[in-house]
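Okay, so here's the structure we're looking at.
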Amino acid sequence: MTTSGGSGALLTQWTVGGPACTGRSLPTPPRRCPASATFPAQKTSPTSYPTTNSWSTSGCTLGTSTSCSTYASSREYRDAEGFQGKRVLVIGVGNSGGDISVELSRVAAKVFLSARSSTWVVSRISSQGFPFDMVITTRFTHFLYWLLPSAIMKRIGFWKFNSWFNHTNYGLASVKSSKFNIIINEELPFCILSGTVVLKPNVKEFTESSAVFEDGTSENIDVVVFTTGYVFSFPFLEDSVRSLFKHSCSLYKCIFPAQLEKPTLAIIGLVQLTGSVMVGAEMQARWVTGIFAGSNKLPPVTKMMADISKKEKQLAKSNSPEKANMWINFISYMDEIASCAGVKPRVLRLLLTDPRLALTMFFGPCSPYQYRLVGRGRWSGARSAILTQWQRALKPLQTRVLDDSSDSSSSLRWLCLLALPAVLVAGFLLSKYPRPWWIPRAGSHL
Ligand SMILES: NC(=O)C1=CN([C@@H]2O[C@H](COP(=O)(O)OP(=O)(O)OC[C@H]3O[C@@H](n4cnc5c(N)ncnc54)[C@H](OP(=O)(O)O)[C@@H]3O)[C@@H](O)[C@H]2O)C=CC1
């Protein structure tokens, strides 16, 4: 990092390159990086997760094992080419493990999927066939999470997940387990049901040609694919800067290292949101560019440090064993950053000025349009986009239009009218007593 003179926000120059580009392989096709490049202020994204997680892929050696024939990590995996007729063991049931198992099940002789914790599988297709995130990511649901004890919401979530298929019967998850993940995958349950993917417990050891599992069973394996996740690292930053943040919560609003002399470094995408990370990253970028351009300002360092230490204390209280993997509530976080950027919508005020819009915003999906109604980057089409999003989501399906005489619009109108007092109370309470936006990983999306 070099400091140059001048006025305004951009006083520091960041030299990025060399080891950053040569020392890592990205999950996307290899890109050419310049040997070194200098930028006036650096907005960096660690989301390519350069290093694979714990289960070292330095060989299939574990315990007393020798070696198995082939192994790969999800980082190297591209497609099912080369897996035809093989007996494959996929280790780890995250989104990568689910996706890769399903894809391999079409060509492999057998796919074994090894899990060490509970995983709830959710379909992208939710009530009435609408996308899951449209249905679940609403201010109304957010209000319910705020209002009701988390144990009750967890129970409701488990009940909902099990209503699709019983996760215990499929060997995926038990309502009793405190640590669990949620993944999105429509096909995995069918692959398990049809036997093309077989769930197995954690691997105890490998032998020459097989894997021995913790339940004492063993299977002959040709290829092992590690889908055990990634760790964040910033090899392109100097040690002195890297040491300023251990995890996203030691950054101001999960973005800015607070101790820097000038706000010239912003980390985009270092958040695990319960909703879309892309949408969250866009919101972060809007705020960051506002700060770089001088239209938004960061508070004094003492204030930022106080905010960070408050969040870290909340983290410590949660007793989460994996602090770095905290899930952050999507709507709380979006509203918080939107507020900093001056683009947060005032739903309660809208209830008086534009009740139709306010109710749609409260009960409908918290889509990015909601943050385009006011402030910098305001879009005149945002209101109409919010009001028409349900119909537009269905538009691509209308390739064969059928007559549906039942009219649900009047009952919906009545429902909205009855919900009006609830919205008022919700808005009031949420603005008075905001809930901490982090939730422990065990709580995941619930
Ligand atoms: N389609 C999409 O949108 C996709 C999104 N992604 C995203 O990319 C990110 C990375 O996902 P992913 O690669 O799946 O990684 P994750 O960290 O989400 O999952 C890793 C899995 O491996 C398990 N695991 C970790 N270490 C071990 C070990 N030593 N032994 C056995 N099991 C182990 C974990 O279990 P445990 O929980 O016990 O730690 C977990 O089940 C996530 O944010 C994910 O949502 C990834 C793929 C597709």
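In each ligand, atom 1 is the first atom listed, and ligand 1 is the first ligand listed. Just so you know, residue 1 is the first one in the sequence shown, and it goes up from there. Reckoned from all heavy atoms, side chains included, excluding hydrogens, waters and symmetry mates.
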Report, in ascending order of atom number, the atoms of ligand 1 lying under 4.0 Å from any heavy atom of Ser117.
35 (O), 36 (P), 37 (O), 38 (O)
Under 4.0 Å from ligand 1, counting heavy atoms only, is it the side chain of Asn95, its backbone, both or neither?
both
Does an N or O anywhere in Lys179 fall below 3.5 Å from an N or O of ligand 1?
yes
Only heavy atoms count here, so choose which of Val231, Thr228, Ile182, Asn202 is nearest to atom 20 (C) of ligand 1.
Thr228
I'd like to check which ligand 1 atoms, numbered from 1 as shown, lie under 4.0 Å from a non-hydrogen atom of Thr227.
20 (C), 21 (C), 22 (O)
Heavy atom to atom 48 (C) of ligand 1, shortest distance: which of Ile91, Ile183, Val90, Asp99 holds it?
Asp99
In this structure, are over 12 heavy atoms from other groups packed under 6.0 Å from Glu81 atom CD?
no
Parallel under 30°, tilted from 30 to 60°, perpendicular over 60°: which one fits the rings of His167 and Trp120?
tilted
Within a distance under 4.0 Å of any heavy atom of Val93, pick out the atoms of ligand 1 and give their elements.
21 (C), 41 (O)
For Tyr230, the atoms of ligand 1 under 4.0 Å from one of its heavy atoms are 13 (O)
Which option wins on minimum heavy-atom distance to atom 19 (O) of ligand 1: Gly94, Ser73, Gly92?
Gly94
Any N or O on Ser74 sitting closer than 3.5 Å to an N or O of ligand 1?
no
Looking at residues at least two apart in the chain, or sitting in another chain, which of them share a salt bridge (Lys or Arg N to Asp or Glu O under 4.0 Å) with Glu282?
Arg372
Under 6.0 Å between the ring centres of Phe112 and Phe213?
no
Identify, with sequence neighbours excluded, every residue that meets ring pair (Phe, Tyr, Trp, His ring centres under 6.0 Å) alongside Tyr170.
Phe165
Is Asn202 close to Ser114 at the side-chain level, that is, under 4.5 Å between some pair of heavy atoms?
yes
Atom of Val203, atom of Ile91 and distance for their closest heavy-atom approach
CG2-CD1, 3.9 Å
Contacting atoms of ligand 1, where contact means under 4.0 angstrom from a heavy atom of Asn181:
37 (O), 40 (C), 41 (O)
Distance alone, cut at 3.5 Å: any donor-acceptor contact between the side chains of Ser96 and Ser74?
no
Considering only heavy atoms of Gln272, which atoms of ligand 1 have at least one such atom less than 4.0 Å away?
43 (O)
